[in-house]
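Some notes on the structure that comes next.
Numbered from 1 within each chain, the chains take letters A, B, ... in sequence-line order.
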Amino acid sequence: MADLNFKSIEKKWQKIWDEQGLYKTNLTNAEKKLYCLVMFLYPSGDRLHIGHWWNYGPTDTWARFKRMQGFNVFEPMGYDAFGLPAENYAIKVGVHPAISTAQNISNIREQLKALGAMYDWDNEINTSSPEYYKWTQWFFLLLYKNKLAYRKKAPVNWCPSCATVLANEQVVDGSCERCDSEVSQKDLEQWFFKITDYADKLLEGLDRIDWPEKTKSMQRNWIGRSEGALVKFQIDGGDDVIEVFTTRPDTLWGVTYMVLAPEHPLVSELTQPEHKVAVETYIKQTRKLTEIDRTSTEKEKTGVFIGSYCVNPVNGEKVPVWIADYVLGSYGTGAVMAVPGHDTRDFAFATQYQLPIREVISLDGQSRIPLKEAYTEPGTMINSGPFTGEPSKPGISKVIAFLEEKGWGGSKVTYKLRDWLISRQRYWGAPIPMIYCDKCGAVPVPEDQLPVKLPEEVEFSGSGESPLKTNSDWVNTPCPECGGAGRREVDTMDTFVCSSWYYLRFPNPNLDDAPFNKDLIDQWLPVDQYVGGAEHAVMHLLYARFFTKVLNDLGYIKFDEPFSRLMHQGVITNSGVKMSKSKGNVINPDTYIRDYGSDIFRMYLMFMGAYTEGGDWSDDGIHGMNRFVNRFWRLFEMMEENQPIGNETKAIQDVERVRHNSVKMLTHDLDRFQFNTSISRIMELVNAMYLYIQNVPADQQNREILNEIRDTLIQLISPFTPHLGEELWERTGHSGSVFNASWPEWDEDKLKTDTITLAVQVNGKLRSNIEVDLDSEQSIVEAAALADHKIKKYVEGKQILRVIVVKNKLVNLVVQ
RNA sequence: GCGAGAGUGGCGAAACUGGUAGACGCGCUAGACUUAGGAUCUAGUGUCCGUAGGACGUGGGGGUUCGAGUCCCUUCUCUCGCACCA
């Protein structure tokens, strides 16, 4: 047995796996199926970095472990291949995105193979291939037909650097999620998916899935369901009605003014001539503010009176109408009834502009006028007409009923969630399959004409005009309805549309008459284990759930949640800074893989720390992992050269105990993605083996048990170092792949020892250790503890008040 | 500002329902084998004082308990998420 040559064994086993099709999943058998999916990757021109390995390596280790536990594991990989970087590259260098993407994919596929994962390469998918995006377009039409896709002109988020609009989810603190540029507002006619129709379903489903609580709460937060009332305020001396949404209808009697968002449609109509200049100036100012400035809680509240009044329906009072930028046009009705006595924002505004503050809720029914701050807690309704004296909490529904009865309003649920804007003014995406005809309007492309292929000949300007516009041959097409002159939609779809359904495609990536095979995916989905970055919490993960729910509603699939269990890998930083190409601090794994091999590198990553935590990159310990894996290898070398031939039974028991303990702990830890502690269990077993082999002569060493432990060791390490595992499995005379061998079992009885060392404490402080029989009675333990010579001096001449015995753990003597 | 999570040796980190803090590893020290070793093996390694043996130790302060890294209160620091949502 020669020194470990990882290069040759990696190549050797990758070739064998490939030839034997070891990782081709038999999808016709869904018994004990396990669909393990890691978020697919964007094929950029860069090499895979440490973050990719951190994402894919451990997940593959987990999948291999599950396979050995007897699961029929399906672990596919694909490419989220549409997107801006390829197009920006085309603008800069002139290489067509289709060419650069194909090149990147073929490079990345090679790198992925070096990782040695169990990917089923026959099931690879590429979202930019016509065979795939045909079905992305089909989904668009499906949503369109079901009134879940619509076109409207609306103020939308515009990223000047990406030269396209963005969905709300892609705007982070007023900046582009992708490039950090400040996002501005533009009025454009765009396509939306009606995800808001699914707000309640998206909320409800969260209770049924095993996801990190944090992610679920982010989604709940994003959906932002809020229950309250809609109240109609008639304009004084006019026909117009201002509708407001409020969660506190119980404070209706405390309204002293009304605030509209500056962009509210009634503003211009209600502005009186003498206020016009001020109002217009204010609106202009608001426009200039970025979303961040406008929604900053730090900012002092501003606003102007527009000259009109409206009437509070419950008491007939005239209240002035203001506009203020703290009221958002996009939430609720874009109008707020201001109750400064019981809302901190209204209070601040009223104080600023000396508007009246009225008290209508009181903790105990006693008035505290003048209020020093808004009282926002529940209490007793006061100065509230017929409701005076009512407790405010139940008062909410009573007032709602009252409003309904009078026709002044009613109950209402509002959401923060907005419809998903999917149009992008870019080239490298799936074309939206719509045609505009002067006679027939917007006409969907008939399904049998899909895919609407991306034309190759376009001009990439990056100007913000859709590049597809520049190919008039492509744009001009007959209207499918009337045959007259039609024009194709020139925007493409957000790439999040492509990734909203890719997990459905993997089992049947080449199906050409449907996006997926219903029978097959009803058996194989939902995904049992999904792994990916937490940054997708309210984007991809919300959109994918939406798609699944739509398909479920329309009867296409049986399940309504795509990912049963979700895990987020942590982030690997470099000196505390998140790695990114733009910062130029990306650590390339290539040199490590060259020096140590993919197995050792993967295992070192997993040993660094908790998977979900991530951590700061340092290669300080990689040398130690190299040492360990070589030590592991040498153990086999030693056993081969100096074959154990005895049947000694005493010392071997210690090794057996470690073995069973290692198997037990590792099985438990691996299940929960606790790779670092799993690895330390293997190390413990290796250490125990070394001790044994070095202390017991080979002619006495228990041959049979050692051979068993040897096999166990290979099985335990294989998910971490798959190439090494296979090599050792073969060298120790096994036929077939170690990944077809079953995961070792442990025997609880083997973990026990006859005697056990107990800690002896006096007044809670450790003073000695005693040896007693396993499961000894309290009286025996107590006597043994008192007999201990070290303990004697702590107890002598003192009164023993209490003796606490924790079975097989410790004894604590409480003395005075 | 609100919410969640975290803070443990020189370093990466362990510790199940409160029960011997620091598993496993890096680094370091000593020894062995060596022409040599940045290889390997063995032993040691929380801090302080020491001869046995002690004292102190999980961000700080307080509490509950026979016993607290773990539970409670308070405070500091960091990370993440949300942030005028009516």
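Comparing the same atom, C1', in B/U34 and in B/C26 gives a spacing of 25 Å after rounding to whole Å. Between B/C82 and B/U75, the two C1' atoms lie 24 Å apart (nearest whole Å). Taking the C1' atom of each, B/G46 and B/U51 are spaced 22 Å apart, rounded to whole Å. The gap from the P atom of B/C78 to that of B/C28 amounts to 33 Å, rounded to the nearest Å. Atom P of B/G18 sits at a distance of 47 Å from the matching atom of B/G31, rounded to the whole Å. Taking atom C1' on both B/C49 and B/C2, the two are 49 Å apart, rounded to the nearest angstrom. Nucleotides B/G9 and B/U58 have their P atoms positioned 9 Å apart, rounded to a whole Å. B/U8 and B/C24 have their C1' atoms separated by 16 Å, with the value rounded to a whole Å.
Within the 3.5 Å criterion, the main-chain N or O of A/Ala698 finds no donor-acceptor partner in the side chain of A/Asn642.
Between B/U40, B/G53, B/A86, one nucleotide has an atom nearer to the side chain of A/Lys793 than all others, and that is B/G53.
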Where do N or O atoms of nucleotides 2-8 of chain B meet protein N or O atoms at under 3.5 Å, pair by pair?
none

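The aromatic rings of A/Tyr331 and A/Phe245 lie perpendicular to each other, with more than 60° between the two planes, well past the 30° mark. Relative orientation of the A/Tyr326 and A/Phe349 rings is tilted, given thresholds of 30° and 60° on the angle between their planes.
Partners of A/Asp200 by salt bridge (Lys or Arg N to Asp or Glu O under 4.0 Å), not counting sequence neighbours, listed by chain and number: A/Arg225.
The base-pairing partner of B/C11, taking Watson-Crick or G-U wobble contacts with both distances under 3.5 Å, is B/G25. Nucleotide B/C84 is matched to nothing when pairs are restricted to Watson-Crick or G-U wobble geometry with both distances under 3.5 angstrom.
A/Arg225 comes within 4.0 angstrom of nothing in the nucleic acid, heavy atoms only. Within 4.0 Å (heavy atoms only), A/Ala610 reaches sugar-phosphate atoms of the nucleic acid but no base atom. Residue-level contact check: A/Val814 touches the backbone only, with heavy atoms under 4.0 Å from sugar-phosphate atoms and none from bases.
A 6.0 Å sphere centred on NZ of A/Lys216 holds more than 12 heavy atoms belonging to other residues, nucleotides or ligands. Enclosure of atom CD in A/Glu771 by more than 12 non-hydrogen atoms of other residues, nucleotides or ligands within 6.0 angstrom is indicated.
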* Footprint string (nucleotides 17-30 of chain B, 5' to 3'): B base within contact, S backbone only, - free, heavy atoms under 4.0 Å -> --BB--BBSSS---

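Considering only side-chain N and O atoms, A/Lys301 lies nowhere under 4.0 angstrom from the phosphate OP1 or OP2 of B/A86.
Taking atom CD on A/Glu213 and atom P on B/G81, their separation rounds to 18 Å, with Å as the unit.
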* **Stepwise ring-ring contact (aromatic ring centres under 6.0 Å, His included) check, A/Phe673 with A/Phe675** => CA-CA 6 Å; A/Phe673 279 66; A/Phe675 303 108; 5.5 Å; yes

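Under the ring pair (Phe, Tyr, Trp, His ring centres under 6.0 Å) test applied with A/Trp54, the options A/Tyr611, A/Tyr604, A/Trp617 reduce to a single match, A/Tyr611.
When side chains are defined from C-beta on, A/Leu813 counts as touching A/Leu786, because their heavy atoms get closer than 4.5 Å.
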